[in-house]
Amino acid sequence: MANVALTNVSKVYSGNIQAVHKINLAVKDREFVVLVGPSGCGKSTTLRMVAGLEETTSGEIYIGDRLVNDVAPKDRDIAMVFQNYALYPHMSVYENMAFGLRLRKYPKSEIDNRVKEASDILGIRELLNRKPKALSGGQRQRVAVGRAIVRKPLVFLFDEPLSNLDAKLRVQMRAEISKLHNRLRATMIYVTHDQVEAMTMGDRIVVLKDGFVQQIADPISLYDKPVNKFVAGFIGSPPMNFMDGKIIKKEDGFYFNEGSFQIKIVDDMYDRLADYQDKEVVFGIRSEDIHDKLFVPEASPENTIIATVEVIEPMGSEIFLYLNSGKHTFTARVNSNSRPQLNQEMDLVLDMSRVHFFDRTSEKTIV
């Protein structure tokens with residue numbers, strides 16, 4: 001397998017539309033890297049430039065030690081799996097998987113061995129004689145992956161391969177692709193708009209917005225230490241709650257003043273927030289860090305707010321609450337034994353050791 005390196009890679013379309021802005025990314029050998037972001041952020045364009053399906057406007061792309069900017073897609077030793085499967089409808093599963101090898105004039109015996117080996121890995125040996133129209137969506141996607149596997153390429157590229165599948169099958173196929181990566185120990189670059197896919201599959205995640213890289217990190221670091229408000233809000237389900245307010249100082253320490261309530265900030269954050277005293281900031285907290293006070297009886301009143309319950313979503317092991325306090329609405333994931341009532345007020349405890357603060361202008365993380 002091989003590493004992949006992008007150095008100051010940009011893409012500008014006609015009309016001076018810049019889809020990708022000077023991306024720098026080093027994908028290590030055998031690493032699984034996920035490009036994630038909203039529609040139009042440049043993730044698929046970046047992947048297609050690696051594949052050679054889009055020309056770079058500037059910058060360099062290396063696969064292994066070879067500069068591939070001017071190398072044709074068929075000569076880059078990559079295999080790509082598309083969203084729409086891209087199977088030939090008139091060919092059997094076997095013929096679809098063997099087609100690329102036949103074009104490269106591999107011996108018939110080697111083609112047969114590779115197709116059967118890949119079909120065994122993916123559990124589709126019994127489907128080899130079927131046509132694509134006789135397969136389910138999940139089976140078609142396995143065939144598309146199998147067609148990539150038989151090539152034994154340096155790099156696998158996945159362009160939103162699961163977006164056409166239903167929710168249950170997406171979860172199943174996520175696990176299948178992760179197991180495949182562990183088995184093949186291959187270099188894989190995977191594009192998705194689904195941050196849950198990104199968090200569960202990637203060794204590292206590249207978050208993109210408007211063609212710019214926002215942050216590159218492993219899933220846990222990305223979740224716990226977002227570099228800006230966009231990453232904090234995009235990564236995590238449900239998204240992080242944000243509230244506007246001001247940092248104020250009292251005799252016993254710093255507080256976040258939302259207007260209708262005040263919350264005491266933990267001592268560890270004082271140094272980072274000192275320059276923001278009496279200034280507007282954005283306060284961020286994830287839904288799982290908001291608790292029903294009934295289950296945190298020892299909580300300080302300084303960490304407690306009162307909110308009105310607007311929507312209740314029982315999820316079995318937990319309850320999602322949509323609440324209103326002051327001028328903000330937010331989401332909490334509370335204990336399944338909680339008994340909230342619609343339109344009633346409840347006391348909520350905020351875990352202030354887990355909160356984030358962002359600069360109002362730059363939206364960069366302060367704490």
Side-chain angles (χ1 to χ4, degrees), residues 3-6 9-11 18-28 30-51 53-54 61 78 80-84 141 145 155-165 167 169-178 180-182 186-240 242 284 286-287 356 358 363-365:
N3 58 300
V4 178
L6 285 73
V9 171
S10 296
K11 177 65 180 180
Q18 186 147 6
V20 176
H21 299 258
K22 292 187 176 181
I23 284 184
N24 289 283
L25 172 65
V27 181
K28 294 177 284 189
R30 302 184 178 184
E31 189 176 23
F32 195 127
V33 168
V34 180
L35 307 183
V36 68
S39 297
C41 70
K43 54 189 184 296
S44 289
T45 300
T46 301
L47 192 78
R48 290 173 64 84
M49 286 192 287
V50 175
L53 302 177
E54 294 276 3
I61 299 176
I78 55 95
M80 193 160 180
V81 179
F82 297 92
Q83 175 182 345
N84 61 357
Q141 196 55 274
V145 173
V155 181
F156 287 87
L157 306 177
F158 295 85
D159 191 5
E160 304 205 39
L162 309 184
S163 58
N164 286 342
L165 305 180
L169 197 50
R170 277 204 305 272
V171 173
Q172 181 182 340
M173 284 301 297
R174 280 205 314 255
E176 292 292 334
I177 292 174
S178 294
L180 185 65
H181 174 250
N182 291 331
T187 304
M188 293 185 175
I189 305 176
Y190 187 104
V191 160
T192 180
H193 64 274
D194 185 338
Q195 50 89 17
V196 175
E197 274 183 31
M199 291 290 289
T200 55
M201 299 175 73
D203 296 325
R204 284 190 302 151
I205 300 171
V206 181
V207 182
L208 290 151
K209 178 191 178 189
D210 299 331
F212 290 93
V213 172
Q214 302 295 304
Q215 187 171 359
I216 303 174
D218 65 272
I220 300 303
S221 296
L222 206 63
Y223 190 80
D224 288 339
K225 299 176 182 179
V227 297
N228 58 35
K229 183 182 173 185
F230 174 79
V231 175
F234 190 81
I235 298 297
S237 182
M240 183 181 286
F242 297 112
R286 296 201 182 276
S287 57
H356 303 260
F358 306 92
E363 298 192 344
K364 291 182 179 179
T365 299

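Just so it is clear, the structure is predicted and the values come from calculations on it, not from any experiment. Along the sequence shown, residues are numbered consecutively beginning with 1.
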Are R286 and Y223 close enough, and set up right, to give a side-chain contact (heavy atoms from CB on, under 4.5 Å), and what steps lead you there? CA-CA 10 Å; R286 296 201 182 276; Y223 190 80; 3.0 Å; yes
Which is it for N24 and V213 under the side-chain contact (heavy atoms from CB on, under 4.5 Å) test, yes or no, and what are the steps along the way? CA-CA 8 Å; N24 289 283; V213 172; over 6 Å; no
Y190 vs E160, test: side chain to side chain donor-acceptor pair (under 3.5 Å). Steps then yes/no. CA-CA 7 Å; Y190 187 104; E160 304 205 39; over 6 Å; no
Where do V81 and Q141 land on the side-chain contact (heavy atoms from CB on, under 4.5 Å) test, with the steps shown first? CA-CA 8 Å; V81 179; Q141 196 55 274; 3.3 Å; yes
Checking side-chain contact (heavy atoms from CB on, under 4.5 Å) for the pair F234/V36: CA distance, chi angles, key distance, verdict? CA-CA 9 Å; F234 190 81; V36 68; 3.5 Å; yes
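S10 places a side-chain N or O within 3.5 Å of a backbone atom of K22 that can act as its donor or acceptor partner. When atom types are taken as modelled, the side chain of H181 and the backbone of A186 share a donor-acceptor pair closer than 3.5 angstrom. Using modelled atom types, no side-chain atom of S221 and backbone atom of A217 make a donor-acceptor pair closer than 3.5 Å.
What you find for M201 and S178 is that their closest heavy atoms are CG-OG, 3.8 Å. For G236 against Q195, the heavy-atom pair with the smallest separation is N-OE1, 3.0 Å. Across every non-hydrogen atom of I23 and G211, the tightest pair is CG1-O, 4.3 Å.
With contacts defined as side-chain heavy-atom distances shorter than 4.5 Å, the pair M199/I205 qualifies. When side chains are defined from C-beta on, N164 counts as touching Q83, because their heavy atoms get closer than 4.5 Å. Within the 4.5 Å cutoff, the side chain of N3 has no heavy atoms near those of the T187 side chain. Looking at heavy atoms from C-beta onward, H193 lies in side-chain contact with S163 at the 4.5 angstrom threshold. The side-chain heavy atoms of V33 and D203, taken from C-beta on, include no pair separated by under 4.5 Å. Within the 4.5 Å cutoff, the side chain of I189 has heavy atoms near those of the V4 side chain. Looking at heavy atoms from C-beta onward, P226 lies in side-chain contact with H356 at the 4.5 angstrom threshold. With a 4.5 Å cut-off on side-chain heavy atoms, I216 and V207 do not count as touching.
R170 contributes atom CZ, which lies 12.0 Å from atom CD1 of I177 (distance to the nearest 0.5 angstrom). Taking CD from E197 and CG from L162, the interatomic distance works out to 4.5 Å, rounded to the nearest 0.5 Å. Between M80 atom CE and L53 atom CG the span is 5.5 Å, to the nearest 0.5 Å. Between R204 atom CZ and E31 atom CD the span is 4.0 Å, to the nearest 0.5 Å.
Note on residues 225-239: pairs passing side-chain hydrogen bond (donor to acceptor under 3.5 Å, both in side chains), not counting sequence neighbours, are Q214-N228.
In this structure, F158 and F32 have parallel ring planes: the angle between them is below the 30° cut-off, well short of the 60° mark. Classification of the F358-F242 ring pair by plane angle, with boundaries at 30° and 60°, yields perpendicular.
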Can you give me every donor-acceptor pair (side chain of residues 40-51, partner residue at least two apart or in another chain, under 3.5 Å) with its distance?
unit_1, atom_1, unit_2, atom_2, d
K43, NZ, G37, O, 3.0
K43, NZ, P38, O, 3.2
S44, OG, D159, OD1, 2.9
T46, OG1, G42, O, 2.8

